[in-house]
Amino acid sequence: MFRLFQYEFMQRAFFAIVAMSLFAPLLGVFLVLRRQSLMSDTLSHVSLAGVAFGLFIGISPNLSTIVVVILAAILLEYLRTLYRNFLEVATAILMSLGLSLALIFANTGRGKGINLDQYLFGSIVTVSQTQVILLAILAVVVLVVFALFMRPMYVMTFDEDTAFVDGLPVRLMSTLFNVVTGVAIAPMIPVAGALLVSA
């Protein structure tokens, strides 16, 4: 079994898994407690639009995905405050919109060789050194941020009104949490795939 690790692609896959296992559970716990577990699925589907758009205009799919996911995360937070009792409708609309835009960009740019299969299903053994470094940096940033803001996050998660009375910037914290979740999802797409990353 240990002979597998003499291959560089297996080493990169192992380090990618370790990095993801450090930050994904932290984000997942708060997503479930905030009843936003569907948000990660929505952002992963929207990220496909970012990938297709990046490939369509000829820039790095990682960069375009991060930009699109950040915009979608901010929009989701806005819709969450606007429609408190109907957030599921907003996430479903954004999910469908993301997949629709991905298909439009993929079909429009068919002559450019756009293929989304790799991003739909992912492949842990094709992860690059750059992606491993990006995941490692993300793991460190998320761990440090959660170590510093764990208590305010719990207060905000369980009772936003109490957090607001305590003077916490609830709207800003919630928006930043959504953005961090979106940025965490973006580099995981080529590794885990857009269809499975929410798991």
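This chain uses plain numbering: 1 for the first residue, then up along the sequence.
- The cluster map of Ile, Leu, Val, Met, Phe, Trp and Tyr, joined by side-chain heavy atoms under 4.5 Å apart, puts I74 and V67 in different clusters.
- If you take CG on L94 and CG on L75, they are separated by 5.0 Å, rounding to the nearest 0.5 Å.
- V51 and I57 fall within the same hydrophobic cluster, defined by Ile, Leu, Val, Met, Phe, Trp and Tyr side-chain heavy atoms under 4.5 Å apart, directly or through other members.
- Rounding to the nearest 0.5 Å gives a distance of 15.0 Å between OH of Y78 and CG of N178.
- For the atom pair H45 NE2 and L48 CG, the distance stands at 7.0 Å (nearest 0.5 Å).
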Take V46 and V68 through the side-chain contact (heavy atoms from CB on, under 4.5 Å) test and state the conclusion after the steps.
CA-CA 7 Å; V46 169; V68 168; 3.7 Å; yes
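- Counting only distance, with no hydrogens or angles, the side chain of S44 and the backbone of D41 share a donor-acceptor pair below 3.5 Å.
- Using a 4.5 Å cut-off between side-chain heavy atoms of Ile, Leu, Val, Met, Phe, Trp and Tyr, with links allowed through other members, M173 and I70 fall into the same hydrophobic cluster.
- Not one N or O on the side chain of T42 forms a donor-acceptor pair closer than 3.5 Å with the backbone of M95.
- The shortest distance between side-chain heavy atoms of L176 and L172 falls below 4.5 Å.
- Following chains of ILVMFWY side-chain contacts shorter than 4.5 Å, one can reach L26 starting from V18, so the two form part of one hydrophobic cluster.
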Please tabulate, for the side chains in residues 135-151, all donor-acceptor contacts under 3.5 angstrom to protein atoms that are two or more places apart in sequence or on a different chain.
none

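- In this structure, M153 CE and F158 CZ are separated by 10.5 Å, a value rounded to the nearest 0.5 Å.
- A donor-acceptor pair under 3.5 Å links the side-chain atoms of T65 to the main chain of P61, judged by distance alone.
- Residues F23 and A184 come closest through the heavy atom pair CE1-CB, 3.7 Å.
- Scanning all heavy atoms of the two residues, the minimum distance from L43 to A72 falls at CD2-CB, 3.9 Å.
- A tilted orientation is assigned to the rings of F30 and Y154, their planes being inclined by 30° to 60°.
- Across M156 and V170, no two heavy atoms sit closer than the pair SD-O, 3.7 Å.
- Residues E77 and S174 approach most closely at OE1-OG, 2.8 Å, considering heavy atoms.
- In this structure, the side chains of F177 and L31 come closer than 4.5 Å at one or more pairs of heavy atoms.
- For the atom pair L76 CG and T181 OG1, the distance stands at 10.5 Å (nearest 0.5 Å).
- Scanning all heavy atoms of the two residues, the minimum distance from V183 to V69 falls at N-CG1, 4.2 Å.
- From Q129, atom CD reaches atom CD of E8 across 7.5 Å, with rounding to the nearest 0.5 Å.
- Within 6.0 Å of atom CZ in F53, 12 or fewer heavy atoms from other residues, nucleotides or ligands are found, so the atom counts as exposed in its surroundings.
- At a threshold of 4.5 Å between side-chain heavy atoms, the hydrophobic network of Ile, Leu, Val, Met, Phe, Trp and Tyr places F164 and V155 in one connected group.
- Contact record, A52 with A102: CB-O, 3.7 Å, taken as the closest heavy-atom pair.
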